[in-house]
Asker: 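Got a structure for you, written out below as structure tokens; questions coming shortly.
Keep in mind that this is a model prediction, so the values were computed, not measured.
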Amino acid sequence: MKYIVASVLILTIVLAEDLCKRHTDGENVYCFCVYQNLSSVPDVCAENTTVLDIRGNRFRTLYNRSFTGLPYLRKLIISHSYVERIEVLAFYNLLELASLDLSHNVIRSDSLPNGVFQSLLQLKRLDLRYNAFAEYPDRQLSDLVGLEILSLNGINGKKFGKGFSKLTNLEQFRLQPCNYEMLHNDTFTYLRRLPITYFPLSCKIRKVETGAFFPLQHLTFINIYQNRFIQISNLLPSFVAFRGHNMSSILLNNNNFYFGKHFDTLSERDGVLLGNICARKISLESNSLIEIRLGFLYGMKYRNCIETLILRGNSLNRHQEYIFELNLLSNLKYVDLSSQNPYSFIGEKTIQNNLIGTPSGFTIKLPSTLKFINYSNIITKNTKLAPKVKVVGGYNVEVLDFANAHYISCNTTIWGFANLKNLNFSGSDCSLLSPTFFRYFKRLDHLTFRNVKLSHPLGYGKFENLLHGLVHLEYIDFSHNNLEFSVSKFLVHQRHSLKKLILDTNDFTDIPIKVSDFRKMIHLDLRNNKIEYIQNHMMADIDKSVSSGYNLTIFLSGNPLKCNCDTIDFIEWLFRTNVKLDADRNYSCVDTDGLAQTTKMAYSKLRETKLNCMSTTYLTISIILSSSVVIFVIMASWFCKYRIALKYWYYNIRWKYRLFKDINTRTNFTYDVFIGYHHTDQKFVSDKVVAFLEKEKGLKLCLHQRDFLAGLYIADNIISAIKDSRKVLFIMTNNYLKSKWGKFEFDMARMQMFQENLEPLIIILLEDIPPSDMPSDLIDIWGRITCIEADDIVRESTQAFSGHQFWEKLYLAVKP
């Protein structure tokens, strides 16, 4: 029997040794026996062990002298181990223990005997979170006079007992989980003399009495977060306890989020309560704030202490008046107003979001210390900036993030950010873009302009100087813009500075820049475009750059590459060039038969492909030559047979052309100008065009609502009016292009212009219409059209002004 017991004991020791891992790093000796389903503390660890981790077991009870053989332990972890009971001498002989983790067990107050921690004279950190306490074990904790960090359950409705007053070195106190719903004036009474500087509260707080925080006079960091039932405006009155205190941070984040049913407003009174504390950082992130009223920042006594202000994730709309008080924060360096959704709590019709500023301009004053502005991810509709935006005090701002601000127009010029280095204006509709949008960002080195419909404005010649003078730009992101033409002409001033150019997800069919012009280029992203292959002169230019020492990487993944007879040179170049390429040069491509393969496969069969393509080429040339000979013989025979008829046709055309030239001398017209327009533009025509041309200049106009004859078909009236008018003028709008009779008027005028060799048609572009929306018939004769574009002044003024360039051009175009 003795032999059996001895054998079992030896087997247990051997198994325990296998379950525990031991190692040292020179400073500590570690013993890990984690998640092994042990029921008692293992005794296989070395006597000089300093760190023992036995989490994830099933101890139930920690018996007396469980750790007697480990007198040098400094850190002990017994979490997640179903511990229910601890005997009074369980930690006997742990005189050097500094950190004890008993979290995530089922310990109750009555399972901790008095004096259980009495031998832990060096304990600095104790973790009792996520246990089964119904009362605070303050008498048991009172022996830990040297404790500095304590983590414990927050028990709803319970006060911190007298034993806590003995923890005279406690600096950090964490309650987790915290179930407090109300903090009373006497909840923290026995914490009054403790040097607690950090006491985060993430609970279920619904109310805080005004005097609740008075015992916590040593706090230097306020962190009250994720209390879903309390509004910030109801919390701030309790901050009277910290009046005149210096704080590193006040973080009041993610409160008041009870299913989004309640929103909050901050007034000047709230600003006074918060501003009586000198805090370097204030964060009010995600608190369902719908309004911050004028005076909130003005009411802050210590507003000059604020260096960082975060209001991210609320429901503030763009027209909040507090923005005009930001300049009062004379030491502000960082402001985050991003991720606002004003539609979370009120209907869309309640907010008027059509213009930032006035029709003439917008001025805002910022603190001169400000360096970073985040105004991204704003949910709004139909909002545009004023034509001129002036920023006072913004000369130290280095980062401006307006990504996804959802403006419907970029037709603005911005002054005041003289030292701006990083601009992100992605996600707005910049199809209407001012040529001077970037003019005053001379120090810019990082530009992100993604998904802004940039293809439309860059299609016009006046935008070639869009980035003029920005000689420090190193990074440009023009991705997701449907660009399809070369962009080299827009980057002339960046040839000596540009390092990274991001052009992914556009419509390019070839390399859109001359790479050798950009001496510092190291990164060219052309992924997800429409490139089938790179032309020979582009490949030669890239190789020239690399041979000159350029350290360039080109990204081509996601393009519809071809690997057929037409792209043999390209496939060969991919694997012979010294330029760095992404995807290990192995891209998807489509072969001659339309089958998918990879460029590596195509390169491995390159010799075979060349032979097949050579045979195909010879066959194609033979067929072309044979067909050409046959066609030449047929054409020669046809010309010979019908030479007299062809001669007659030639002279007949010449005669008709001379006759048409004579017709142009006709002078007996009933009207000077026929005007075609949509009925929705009647006010513009009658109040401005008629008033200017007919009443002021004395011309006779033909208008369908006034001069068409009753009893005739509309089509007959239109044809008659066009023939009886010396010139034809169209008021071109989107409604007019969609009109059936508008199309008929335009077609008749176009035929008349060609058949009778009339003077060019005249078009007033009353709206910004992209070329893609114009009919092909209009595009085809664009060279024979006199086009006059109306600007905002012409559209918005109530009458025509003789001195305005638009009206003078119009009169010169229509006058006899």
Side-chain angles (χ1 to χ4, degrees), residues 99 124-129 147-154 160 164 167-178 180 183 187-205 208-228 230-256 266 270-287 297 300-313 329 331-336 372:
S99 176
K124 304 296 182 184
R125 181 172 188 149
L126 176 61
D127 191 345
L128 291 169
R129 294 172 301 152
L147 196 66
E148 297 176 356
I149 301 174
L150 173 62
S151 299
L152 187 64
N153 294 44
F160 292 90
F164 283 98
L167 307 181
T168 54
N169 287 293
L170 191 64
E171 296 179 357
Q172 297 185 28
F173 196 1
R174 294 180 175 88
L175 300 179
Q176 195 174 6
C178 180
Y180 276 107
L183 299 180
T187 299
F188 305 121
T189 297
Y190 286 107
L191 305 182
R192 182 179 300 276
R193 294 184 177 87
L194 306 188
I196 299 173
T197 59
Y198 181 66
F199 191 12
L201 291 172
S202 176
C203 309
K204 300 177 181 178
I205 300 172
V208 180
E209 292 186 351
T210 304
F213 293 131
F214 272 103
L216 305 175
Q217 289 298 300
H218 295 280
L219 285 185
T220 60
F221 188 110
I222 297 177
N223 188 7
I224 302 177
Y225 64 105
Q226 293 182 349
N227 295 278
R228 64 190 303 174
I230 191 166
Q231 295 179 336
I232 298 301
S233 57
N234 293 331
L235 174 64
L236 289 177
S238 64
F239 282 23
V240 67
F242 307 118
R243 180 184 299 166
H245 284 213
N246 290 319
M247 298 275 184
S248 61
S249 299
I250 299 178
L251 307 183
L252 309 178
N253 299 331
N254 296 287
N255 298 291
N256 187 32
L266 297 182
D270 300 310
V272 171
L273 293 169
L274 186 59
N276 278 330
I277 306 169
C278 180
R280 294 193 299 274
K281 178 179 181 179
I282 294 179
S283 178
L284 302 175
E285 177 182 347
S286 300
N287 289 305
L297 298 178
M300 291 184 171
K301 179 178 180 180
Y302 295 107
R303 57 178 177 266
N304 293 338
C305 295
I306 302 173
E307 297 178 2
T308 299
L309 177 62
I310 299 174
L311 296 172
R312 177 176 57 235
L329 309 180
N331 285 304
L332 188 66
K333 297 177 181 178
Y334 180 106
V335 62
D336 188 345
F372 185 102

Asker: For the pair Ile196 and Leu219, evaluate side chain to side chain contact (heavy atoms under 4.5 Å, CB included) and give the outcome as yes or no after the intermediate values.
Answerer: CA-CA 6 Å; Ile196 299 173; Leu219 285 185; 4.1 Å; yes
Asker: Rounded to the nearest 0.5 Å, how far apart are CG of Leu150 and CZ of Arg125?
Answerer: 10.5 Å
Asker: Could you state the interatomic distance from CD1 (Ile222) to OG (Ser248), rounded to the nearest 0.5 Å?
Answerer: 9.5 Å
Asker: Rounded to the nearest 0.5 Å, what separates atom CG in Leu194 from atom CG in Leu170?
Answerer: 6.0 Å
Asker: Any donor-acceptor pair under 3.5 Å linking the side chain of Asn227 with the backbone of Tyr225?
Answerer: yes
Asker: Would you name the heavy atoms of Arg129 and Asn153 that are closest together and state the gap between them?
Answerer: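 Heavy atoms of Arg129 and Asn153 come nearest at C-OD1, 3.5 Å.
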Asker: Around Lys124, counting heavy atoms of other residues, nucleotides and ligands shown, do more than 12 lie under 6.0 Å from its NZ?
Answerer: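 Enclosed: over 12 neighbouring heavy atoms sit under 6.0 Å from NZ of Lys124.
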Asker: To the nearest 0.5 angstrom, please state how far the CD1 atom of Ile224 sits from the CG atom of Asn254.
Answerer: 13.5 Å
Asker: For Ile205 and Asn255: C-alpha separation, side-chain torsions, deciding distance, then whether side chain to side chain contact (heavy atoms under 4.5 Å, CB included) applies.
Answerer: CA-CA 9 Å; Ile205 300 172; Asn255 298 291; over 6 Å; no
Asker: Going from CZ on Arg243 to OH on Tyr302, what distance comes out if it is rounded to the nearest 0.5 angstrom?
Answerer: 9.5 Å
Asker: Determine whether Leu273 and Pro237 make a side-chain contact, defined as any pair of heavy atoms from C-beta on separated by less than 4.5 Å.
Answerer: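 Result yes, sub-4.5 Å side-chain heavy-atom pair found.
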Asker: Before giving the answer on side chain to side chain donor-acceptor pair (under 3.5 Å), spell out for Asn256 and Asn287 the whole-Å C-alpha distance, their side-chain angles and the decisive distance to 0.1 Å.
Answerer: CA-CA 6 Å; Asn256 187 32; Asn287 289 305; over 6 Å; no
Asker: Determine the sole option in Phe221, Phe213, Phe173, Phe242 for which the ring-ring contact (aromatic ring centres under 6.0 Å, His included) test with Phe199 is passed.
Answerer: Phe173
Asker: Restricting to non-hydrogen atoms, name the atom on Met300 and the atom on Gly271 that form the minimum distance, rounded to 0.1 Å.
Answerer: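 Heavy atoms only, the tightest pair is CG-O, 3.3 Å.
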Asker: For the residue pair Asp270 and Ser233, confirm or rule out a side-chain donor-acceptor distance under 3.5 Å.
Answerer: no
Asker: Got a second to check how far Ser151's OG is from Leu128's CG, nearest 0.5 Å?
Answerer: 8.5 Å
Asker: How far apart are the closest heavy atoms of Arg174 and Tyr198, and which atoms are they?
Answerer: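 Heavy atoms only, the tightest pair is NH2-CE2, 3.8 Å.
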Asker: Please say which of Thr308, Leu297, Asn304, Leu309 ends up in a side chain to side chain contact (heavy atoms under 4.5 Å, CB included) with Leu332.
Answerer: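 Only match with Leu332 under side chain to side chain contact (heavy atoms under 4.5 Å, CB included): Leu309.
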Asker: Looking at Thr168 and Pro195, what are the two nearest heavy atoms and their distance?
Answerer: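 Closest approach of Thr168 to Pro195, heavy atoms only: O-CD, 3.3 Å.
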Asker: Before giving the answer on side chain to side chain contact (heavy atoms under 4.5 Å, CB included), spell out for Ile232 and Leu266 the whole-Å C-alpha distance, their side-chain angles and the decisive distance to 0.1 Å.
Answerer: CA-CA 8 Å; Ile232 298 301; Leu266 297 182; 4.2 Å; yes
Asker: Go through the steps for Leu201 and Leu183 under the test side chain to side chain contact (heavy atoms under 4.5 Å, CB included), then give the verdict.
Answerer: CA-CA 11 Å; Leu201 291 172; Leu183 299 180; 4.0 Å; yes
Asker: Thinking salt bridges, do Glu285 and Arg312 make one under a 4.0 Å N-O criterion?
Answerer: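 Arg312 and Glu285: salt-bridged.
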Asker: When you check the side-chain N and O atoms of His245 and Gln217, is any donor under 3.5 Å from an acceptor?
Answerer: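 His245 vs Gln217: donor-acceptor pair found between side chains.
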Asker: For Ser202 and Cys178, which heavy atoms make the closest approach, and how far apart are they?
Answerer: O-CB, 3.4 Å
Asker: Considering all heavy atoms of both residues, which atom of Ile277 and which atom of Met247 are nearest to each other, and what is their separation?
Answerer: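 What the structure gives for the nearest pair is CG2-CG, 3.3 Å.
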